[in-house]
Amino acid sequence: MRCPCVLLSQHCGFLWAKLARAARAGDLTEVNRLLREGVDPNSYDRSSTALQLACKHGRVAVAQRLLEAGADVNRAAPHSVTHGLTALH
């Protein structure tokens, strides 16, 4: 079961930070582990979704895994510095 309180608790924020770092770094093993632990592939921080970070940094395998886990290519972080851009942009 995925945690419904994305970034509303220290626990979720901590896991998001790990997912963001793993997506940015292309660490597929860590991304898989976090997804198994229930981290939402559509979670976001203040500026980017995990999928946006994977795409921005050319992490194709990670982006594919996030998509397989249900990441939405049309989702933008609501308070994004990318002004509503999605992983498709």
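Bear in mind the structure is a predicted one, so any value in this text is a computation, not a measurement.
For Ala63, the side chain to side chain contact (heavy atoms under 4.5 Å, CB included) partners two or more places apart in sequence, or in a different chain, are Leu51, Ala54, Cys55. When the salt bridge (Lys or Arg N to Asp or Glu O under 4.0 Å) test is applied to Arg21, no partner is found at least two apart in sequence or on another chain. For Glu30, the side chain to side chain contact (heavy atoms under 4.5 Å, CB included) partners at least two apart in sequence or on another chain are Lys18, Ala22, Asp27, Arg33, Leu34.
The two residues Val62 and Ala23 make their nearest non-hydrogen contact at CG1-CA, 3.8 Å. Among all heavy-atom pairs drawn from Leu35 and Pro41, the shortest one is CD2-CB, 4.0 Å. Between Asp40 and Leu19, the shortest heavy-atom distance links the atoms O-CD2, 3.9 Å.
Atoms CG and CZ, on Leu53 and Arg59 in that order, are 10.5 Å from each other to the nearest 0.5 Å. The CD atom of Gln52 sits 12.0 Å away from atom CZ of Arg24, with the distance rounded to the nearest 0.5 Å.
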